[in-house]
Protein chains: 4
Amino acid sequence: MGIYERQEREKTIIAAAENIFFNHGFRNAKMDDVAKQAGMSKGLVYFYFQNKDDLYMAITLKAFEMIIANYQSILENNKHKTGKEKVFLIVKTYLEFSNEHYHYHEAIFNYMATVRAELNLKADSLFQSDINESMYYQKIKQIHNLPVSLVVGAIKDGMKDGSIKNSHNPQMIYVTLWALITGFVKLNITMGNQNETIYHVNVHDWKTYIFELTEKILSETI
Amino acid sequence: MGIYERQEREKTIIAAAENIFFNHGFRNAKMDDVAKQAGMSKGLVYFYFQNKDDLYMAITLKAFEMIIANYQSILENNKHKTGKEKVFLIVKTYLEFSNEHYHYHEAIFNYMATVRAELNLKADSLFQSDINESMYYQKIKQIHNLPVSLVVGAIKDGMKDGSIKNSHNPQMIYVTLWALITGFVKLNITMGNQNETIYHVNVHDWKTYIFELTEKILSETI
Amino acid sequence: MGIYERQEREKTIIAAAENIFFNHGFRNAKMDDVAKQAGMSKGLVYFYFQNKDDLYMAITLKAFEMIIANYQSILENNKHKTGKEKVFLIVKTYLEFSNEHYHYHEAIFNYMATVRAELNLKADSLFQSDINESMYYQKIKQIHNLPVSLVVGAIKDGMKDGSIKNSHNPQMIYVTLWALITGFVKLNITMGNQNETIYHVNVHDWKTYIFELTEKILSETI
Amino acid sequence: MGIYERQEREKTIIAAAENIFFNHGFRNAKMDDVAKQAGMSKGLVYFYFQNKDDLYMAITLKAFEMIIANYQSILENNKHKTGKEKVFLIVKTYLEFSNEHYHYHEAIFNYMATVRAELNLKADSLFQSDINESMYYQKIKQIHNLPVSLVVGAIKDGMKDGSIKNSHNPQMIYVTLWALITGFVKLNITMGNQNETIYHVNVHDWKTYIFELTEKILSETI
DNA sequence: GATGAATGAGAATTCATTCAT
DNA sequence: GATGAATGAATTCTCATTCAT
């Protein structure tokens with residue numbers, strides 16, 4: 001079995017795990033079900049992934065990689081556009097992505113919480129999480145700052161080319177936009193389906209409004 | 001044992017559970033630890049609360065009650081102020097509250113996810129499907145729309161008295177502000193301690209900026 | 001449940017575990033069977049003992065305690081006797097003990113191998129045994145030199161009172177006697193039942209001969 | 001592949017297995033590791049050896065064969081020497097052999113325990129009950145008495161030629177010497193490295209003393 | 001002859017929950 | 001009212017062995 005088939009298998013398992021983890025919640029998900037869903041034996045799942053957490057980290061890595069690939073392709077295909085346009089496209093993309101693949105969005109937040117927990121626990125003593133042994137966790141650590149730097153880079157571009165007029169520092173702009181989008185996604189997902197209405201708010205209209213806000217934040221008309 | 005002692009016991013248990021659930025995560029938290037932290041036997045904890053989920057719902061109910069009490073007291077004590085001022089105070093209060101008591105904020109989100117899961121007949125909630133048997137869950141259901149209506153009410157006041165100039169509908173304004181605040185709190189909590197720096201952003205400055213944005217959203221200068 | 005009942009339970013479990021571990025071998029022994037044998041649920045076994053290894057260490061501790069108690073009572077009850085007589089009685093006792101409770105003898109040897117393995121592994125890196133978390137293991141560490149010092153003490157007594165004439169140092173005498181007895185027990189157990197014949201050697205006669213040798217080693221007629 | 005290459009393969013596997021089994025313990029040793037150590041696939045290991053037990057039995061057979069070859073060569077090369085000298089050389093050889101290749105010594109003991117377990121219909125052997133299907137096990141059965149008879153033969157020689165004066169029957173002498181050596185080796189291995197000190201006993205001195213004892217036992221000066 | 005992916009029967013362990021005292 | 005010992009279903013993870021390629 002070549003490297004190709006191996007990767008296919010991994011993909012199959014990851015897809016099955018996403019399905020199970022997302023529909024049942026990580027806690028209620030059984031490795032048995034993941035295996036069944038993937039159409040293989042439990043042992044084989046463990047052959048490819050160290051344990052349940054490792055598998056979850058593989059999903060998380062995939063999420064990061066997808067986001068990064070998205071951002072990179074946007075930046076690549078829009079070199080001629082203004083910084084503001086690039087940032088706007090990225091924001092839009094992240095929103096679409098998170099809305100469509102909400103569990104990736106959650107996975108990324110869970111990852112961040114894990115990193116933070118680890119830092120806290122290092123001081124704390126006792127508790128020792130084994131997550132460090134996950135190769136996927138290690139890989140994520142190496143790339144987890146890329147999305148930030150890509151977006152901050154685009155914001156800086158916008159400041160140079162004059163398209164972004166907001167005078168706050170680029171990082172703060174990034175983080176603010178992210179808060180807005182993130183909050184939107186969370187509420188949107190937590191409270192209902194895309195095509196419905198949240199507290200009598202039409203979701204489509206709301207999204208439009210969020211984009212307007214983004215636009216204005218970048219233009220410093222706010 | 002009178003009703004008073006009984007309530008004191010419940011408070012003790014809830015306080016212990018908050019501590020344990022938040023520091024270990026609901027999933028990893030053990031009822032044994034809750035009981036130990038509360039300084040009583042596991043049996044007694046089960047005497048006061050049906051089960052682990054029920055206990056979590058008691059915390060959630062407390063969170064809702066605190067938020068509602070906060071909002072009501074703000075509205076009560078600032079009747080003479082403009083709608084915009086009232087909304088601003090509520091936003092500010094919610095942000096402080098969530099930042100300080102992050103677990104209440106999370107509890108509320110978990111609750112919302114559970115309600116949605118129930119509607120969708122999905123299993124991806126933190127809780128078991130028999131959560132409906134929890135008295136606390138039932139109680140929350142009766143009040144869970146109050147925070148929204150209180151804030152939306154204040155926004156309407158502001159529209160009437162001319163202090164809020166944003167022409168979008170009140171619900172959308174509410175939901176947008178909530179997204180912004182929610183995103184801020186989440187990032188803030190997930191990524192570091194309050195007094196530190198997130199991606200080279202000074203947290204205090206950021207918070208100031210978030211308030212500015214809130215102000216501008218309400219003023220429709222955005 | 002008082003401390004007494006608790007200890008009774010522990011004894012019940014240990015007895016069941018001895019039975020299962022010894023008859024099936026540690027490896028093939030199932031915690032399920034131990035619980036069944038002890039007439040209780042698996043969970044309760046784990047309530048009293050951290051895990052399978054911990055339970056084995058509890059047995060080992062018991063073995064050490066029995067040996068030590070044996071030695072101490074011999075020394076206590078024979079203060080007036082010569083050192084040689086005391087040593088002889090101890091040797092005899094150990095042999096009877098090991099022959100009758102062979103698994104205690106094995107447990108003690110396994111313990112020594114574990115300690116040694118730990119020392120080796122400390123240098124080695126990687127491998128990290130969790131046995132250190134066993135309270136029973138820690139307790140054994142505190143007393144594991146007692147048997148040696150008791151016997152060496154008796155040998156020294158014998159040298160002083162002139163009953164032991166062997167001029168080698170007391171430790172070497174101890175270790176030599178222990179080798180002889182230990183070897184005898186091992187062969188005896190490994191190769192057959194007490195009442196039978198090993199390689200055409202009558203076991204009873206052989207034991208007599210072993211005692212003779214012990215006697216002569218102490219008398220330095222050898 | 002010719003018979004020669006086949007035997008080379010077997011030797012490679014056996015060598016790898018010895019390494020793994022001894023360093024990790026049979027129970028913890030994984031066939032995966034054996035294969036890796038042997039530089040071949042697991043499947044190939046299973047092509048040459050029925051199963052894990054069978055492989056262990058192959059090692060055990062090798063141990064027996066080495067011992068027997070040793071004994072035979074000693075007897076062969078020292079035909080002119082006295083029985084006592086021959087026995088002494090054998091004892092010395094066995095001690096060196098066991099000390100150096102402790103795992104062979106253990107393998108032999110495990111084998112004996114297995115035979116006994118089989119007779120008693122007990123399950124406390126290291127191996128499964130279907131060990132009888134191992135060809136190596138069957139082969140050992142055919143030769144396992146050879147070492148005894150060779151040594152007993154030499155003892156008889158010594159009795160005839162007057163070099164051995166001990167009046168006990170030859171088998172008992174054999175078995176006693178074996179107990180002494182066995183105990184020495186076990187303690188030596190269990191408690192430390194050869195060049196160190198056991199309970200303040202210099203190992204080299206101790207070995208010398210053990211040889212002296214052997215000498216005296218044979219001379220019936222004991 | 002080789003390979004190593006695949007299997008699956010097992011085993012250890014956990015913990016929410018109950019209930020005899 | 002309390003207690004905490006007792007339960008046992010549920011789940012993760014292991015590894016000897018097989019077999020398609």
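In what follows, every chain begins at residue 1, and chains take the letters A, B, ... in the order their sequences are listed.
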For atom CG of D:L55 and atom C1' of F:dA16, their distance in whole Å: 12 Å
Atom-to-atom span, CD of C:E5 to P of E:dT21 - whole angstrom: 12 Å
Other residues, nucleotides, ligands: >12 heavy atoms within 6.0 Å of D:K141 NZ: yes
Side-chain donor-acceptor contact under 3.5 Å, D:Y104 with D:K62: yes
DNA chain F: 5'-proximal contact among A:R27 and B:G39 (nearest heavy atom): B:G39
Gap between atoms NZ and C1', on B:K36 and F:dT3 respectively (whole Å): 14 Å
Phosphate-side-chain proximity, D:R9 and E:dG1, N/O vs OP1/OP2 below 4.0 Å: no
Length of the line joining C:F49:CZ and F:dA5:C1', which is rounded to integer Å: 14 Å
Assigned partner base of F:dA20, Watson-Crick or wobble definition, under 3.5 Å: E:dT3
A:R6 side-chain N/O to E:dG4 phosphate OP1/OP2 under 4.0 Å: no
Sugar-phosphate, base or nothing in reach of C:A35, heavy atoms under 4.0 Å: nothing
First encountered from the 5' end of DNA chain E, between B:D32 and D:S41: D:S41
Separation of C:N23 CG from C:D33 CG (nearest 0.5 Å): 11.0 Å
Nucleotide nearest B:K30 (side chain, heavy atoms from C-beta), chosen from F:dG1, F:dG8, E:dA16: E:dA16
Nucleotide nearest A:F47 when distance is taken to its side chain, options E:dA5, E:dT3, E:dG8: E:dA5
Residue among B:F127, B:F49, B:Y111 satisfying ring pair (Phe, Tyr, Trp, His ring centres under 6.0 Å) with B:Y137: B:Y111
Residue pair B:L126 / A:R27, side-chain heavy-atom distance below 4.5 Å: no
Length of the CD-C1' vector between C:E10 and F:dA5, whole Å: 13 Å
Comparing D:L44 and C:N28 on DNA chain E - which has the more 5′ nearest nucleotide: D:L44
Length of the CE-P vector between A:M31 and E:dA11, whole Å: 21 Å
A:K42 vs E:dG8: side-chain N/O to OP1/OP2 distance below 4.0 Å: no
Whichever of D:K52 and A:Y46 has its nearest DNA chain F nucleotide further upstream toward 5': A:Y46
Between F:dT3 (C1') and B:I13 (CD1): distance, integer Å: 14 Å
Rounded distance in Å - NE2 (D:H24) to C1' (F:dA16): 17 Å
